[in-house]
Amino acid sequence: MSPAPIIVVGGGLAAGTLVTQLRERGHDGEVVLLTEEAHAPYERPPLSKDLLLGKTEPQSAAVHDDDGWYPEHGIELRTSTAATAIDPAARRVQAGGDWLDYSDLVLATGSRPRRMAMADEVADEVADEVADESGAAVFYLRTLDDSLELRERLHAGARIGIVGGGWIGLEVASAARQHDAEVTLLESLDLPLLRVLGPEVAQVFADLHREHGVDLRTGAQITGISAHGHADAGGITMALADGAAFDVDAVVVGVGIQPNVELADEAGLTVDNGIRTDARLRTSDEHVHAIGDVANADHPVLGYPVRVEHWDTAIKHAKALAATLTGTPTEATDLPYFFTDQYDLGMEYVGHPGPEGYDRVVLTGDVPGRVFRAWWLRGDTVVAGMHVNDWDAIDEVRRLVGTSDGLPPA
Ligand code: FAD
């Protein structure tokens with residue numbers, strides 16, 4: 001009897017990369033991929049950038065250009081199929097009403113947007129009023145379908161209210177302005193991205209958006225969102241604690257994400273800010289693994305567990321786990337890396353200041369001209385580095401982050 005398949009749960013970059021790597025590393029056993037989405041695995045960064053800008057179409061976000069790759073490589077791809085339960089003791093997972101045996105199970109279930117109750121109430125109200133879905137007035141951005149629906153609403157003169165000045169909110173603001181929509185962006189803290197980048201660098205992003213015509217309101221406390229008519233007629237009013245009120249045609253909520261841990265939790269696996277794993281991405285059950293956004297993995301270099309909600313980690317985890325599953329035990333050791341593109345600003349960031357944080361930031365280069373490098377230091381240790389539009393810098397950033405050599409005098 002042939003061994004049970006490796007079963008992968010997820011339809012994102014982590015799942016797609018893992019099955020690809022298994023085949024590239026010569027694994028010739030059965031592999032089943034279960035995704036609740038209707039699409040083959042795809043990556044999400046284009047959803048708030050080129051796809052939203054109308055520069056690319058959905059298939060360009062796919063992990064494989066051609067969905068035929070999966071059958072050609074003997075991967076049983078089951079779309080629109082959610083895994084609903086795991087029985088780790090019996091090594092089986094439930095999907096589509098069947099229990100499927102596995103030799104190893106990989107959870108790459110990713111994350112979902114945090115909901116905003118006030119906005120959801122308006123969405124329900126508007127949905128009751130309009131017969132067709134084009135009247136959708138409240139958007140979250142996580143899936144291909146979310147992006148395509150939102151894209152329909154971004155046009156000259158459309159009034160878009162964005163809640164949250166994180167990566168998603170800022171990238172949507174950039175796309176919306178490039179479609180000539182009017183954008184009001186509400187951030188509760190004093191600057192967008194303040195917690196991620198600190199005040200020195202967050203200010204660069206605030207200036208960038210204001211220069212591009214975004215009405216960026218910081219320190220904004222939303223006290224009410226209400227629908228007063230058909231969404232297509234511009235029927236949503238947003239009210240702030242300072243007494244301001246304004247009308248928008250659509251609201252985009254980007255207030256963070258939460259990992260999809262329920263499947264693991266209900267199966268009794270250890271869950272703590274994501275599915276807990278060791279550095280080889282093994283959960284509390286030796287035949288169940290977790291990778292990508294959902295994994296809170298021990299990090300051998302940082303010395304503490306870390307859950308990273310970025311593109312590169314999905315790939316790096318998948319590569320490390322594929323190596324382990326094909327006979328080369330491998331830890332995921334890469335430092336967190338992420339990137340963004342907004343208007344004509346591109347940046348890459350490496351590192352993780354962690355619970356101890358940093359005590360100073362050094363900026364080198366032309367900050368007003370937006371071609372510079374930023375370094376976060378704790379003592380002499382460079383805990384994180386980034387560049388903005390300085391495309392030769394990434395090698396130096398990678399080399400210096402994590403070292404205690406200090407920065408070169410220049
Ligand atoms: P996900 O991409 O979340 O995929 C998880 C998949 O699992 C989903 O398809 C989900 O439907 C499926 N699933 C969940 N539960 C089940 C179940 N029970 N059964 C079956 N299927 C299930 N990162 C960057 O570094 N730079 C960027 O510029 C950037 N831009 C982004 C823009 C957007 C709009 C978004 C949403 C994310 C962006 N990210 C970016 C983050 C990056 O996309 C994520 O880190 C990455 O998608 C994580 O991949 P993943 O495969 O772990 O999870």
Side-chain angles (χ1 to χ4, degrees), residues 7-20 32-53 61-63 77-86 93-96 100 105-114 139-148 150-151 164 166-172 174-175 196 252 254 256-267 274-275 281 289-297 307-318 321 336-342 345-350 386:
I7 299 187
V8 184
V9 182
L13 185 58
T17 306
L18 181 81
V19 299
T20 307
V32 178
L33 192 154
L34 308 171
T35 171
E36 65 190 4
E37 293 195 61
H39 314 281
Y42 61 92
E43 40 182 288
R44 295 177 205 272
L47 309 188
S48 51
K49 306 178 187 71
D50 282 358
L51 191 72
L52 207 49
L53 285 165
V63 173
L77 170 63
R78 295 204 200 170
T79 51
S80 305
T81 306
T84 44
I86 308 167
V93 58
Q94 190 184 44
L100 311 172
L105 178 70
V106 181
L107 301 176
T109 50
S111 319
R112 61 179 181 271
R114 266 195 218 120
F139 294 85
Y140 294 86
L141 180 52
R142 187 73 197 174
T143 67
L144 205 44
D145 301 331
D146 295 338
S147 176
L148 294 174
L150 176 59
R151 186 165 90 177
W167 300 115
I168 297 291
L170 295 180
E171 290 181 2
V172 171
S174 162
V196 198
V252 183
I257 56 175
Q258 64 183 92
N260 293 320
V261 297
E262 290 75 8
L263 199 55
D265 201 16
E266 284 159 20
I275 305 174
L281 306 159
H289 317 267
I291 57 174
D293 268 23
V294 79
N296 184 13
R307 187 172 65 77
V308 182
E309 302 167 347
H310 293 299
W311 174 91
D312 186 61
T313 297
I315 297 174
K316 297 290 168 48
H317 277 182
L321 181 60
Y337 159 95
F338 63 86
F339 64 94
T340 187
D341 293 308
Q342 298 169 30
L345 180 153
M347 77 82 148
E348 295 177 285
Y349 175 109
V350 178
M386 95 180 209

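As the structure lists them, so they are numbered: ligands from 1, and atoms in each ligand from 1. Basis for what follows: all heavy atoms, side chains included, without hydrogens, waters or symmetry-related copies. As the structure is a prediction and not an experimental result, all values here were calculated from the model.
If you look at Ser147 next to ligand 1, there are no close heavy atoms at all, none under 4.0 Å. Contacts with ligand 1 closer than 4.0 Å are made by no heavy atom of Thr143, backbone or side chain. Neither the backbone nor the side chain of Trp167 has any atom closer than 4.0 Å to an atom of ligand 1 (non-hydrogen atoms only).
When the heavy atoms of His317, Glu309, Glu36 are ranked by distance to atom 13 (N) of ligand 1, first place goes to Glu36. The nearest non-hydrogen atom to atom 30 (N) of ligand 1, considering only Arg78, Lys49, Met347, Arg142, comes from Lys49. Nearest to atom 9 (O) of ligand 1 by heavy atom, out of His39, Glu37, His310, is Glu37. Comparing Ala61, Ala14, Pro45, Ala295 by heavy-atom distance to atom 39 (N) of ligand 1, the nearest is Pro45.
Every atom of ligand 1 is numbered from 1 in the order shown, and the set under 4.0 Å from a heavy atom of Ser111 is 3 (O). Shown in contact with Gly292 at under 4.0 Å from a heavy atom are these atoms of ligand 1, numbered in order with element: 52 (O). For ligand 1 and Gly110, the ligand atoms under 4.0 Å from any heavy atom of the residue are 1 (P), 3 (O), 5 (C), 53 (O). Every atom of ligand 1 is numbered from 1 in the order shown, and the set under 4.0 Å from a heavy atom of Phe338 is 25 (O). Within ligand 1, counting atoms from 1 as listed, the ones closer than 4.0 Å to a heavy atom of Thr81 are 20 (C). Here is the list of ligand 1 atoms found below 4.0 Å of a heavy atom in Gly12: 2 (O), 4 (O), 6 (C), 9 (O), 51 (O). Proximity to Val9 (heavy-atom distance under 4.0 Å) selects the following atoms of ligand 1: 17 (C), 19 (N), 20 (C). Which parts of ligand 1 touch Ala108 is read off a 4.0 Å heavy-atom cut-off, strictly below it: atoms 5 (C), 6 (C), 7 (O).
A distance-only check finds a donor-acceptor pair linking the side chain of Arg142 to the backbone of Ser111 [under 3.5 Å]. Looking only at distances, no side-chain donor or acceptor of Thr17 sits under 3.5 Å from a matching main-chain atom of Ile315. With hydrogens and angles disregarded, a donor-acceptor distance shorter than 3.5 Å links the side chain of Arg151 to the backbone of Leu51. The backbone N or O of Val172 lies less than 3.5 Å from no partner atom in the side chain of Ser174, so there is not a single donor-acceptor pair.
If you take CD on Glu348 and OG1 on Thr340, they are separated by 11.0 Å, rounding to the nearest 0.5 Å.
Annotation: side chain of Glu37 is in contact with side chain of Tyr42 (closest heavy-atom distance under 4.5 Å). Taking 4.5 Å as the limit, some side-chain heavy atom of Thr35 sits within range of a side-chain heavy atom of Leu77. Proximity of Leu144 to Leu47: side-chain heavy atoms (C-beta onward) are separated by under 4.5 Å at one or more points.
Residue Asp293 has at least one N or O atom closer than 3.5 Å to an N or O atom of ligand 1. Where the criterion is an N or O separation shorter than 3.5 Å, residue side chain and backbone included, Tyr337 fails it with respect to ligand 1. Backbone and side-chain nitrogen or oxygen atoms of Ala314 are examined, and none is located within less than 3.5 angstrom of a nitrogen or oxygen of ligand 1. Residue-to-ligand polar distances keep Val294 apart from ligand 1: every N/O pair is separated by 3.5 Å or more. Every N/O-N/O distance between Ile168 and ligand 1 stays at or above 3.5 Å.
Residues passing the side chain to side chain contact (heavy atoms under 4.5 Å, CB included) test with Glu266, sequence neighbours excluded: Glu262. In terms of the salt bridge (charged side-chain N to carboxylate O under 4.0 Å, His left out) criterion, residue partners of Glu171 (sequence neighbours excluded) are, by chain and number, Lys49.
For atom 43 (O) of ligand 1, the closest heavy atom belonging to the protein is Arg44 CB, 3.3 Å.
Below 30°, between 30° and 60°, or above 60°: for Phe338 and His310 the angle between ring planes is below 30°, a parallel geometry.
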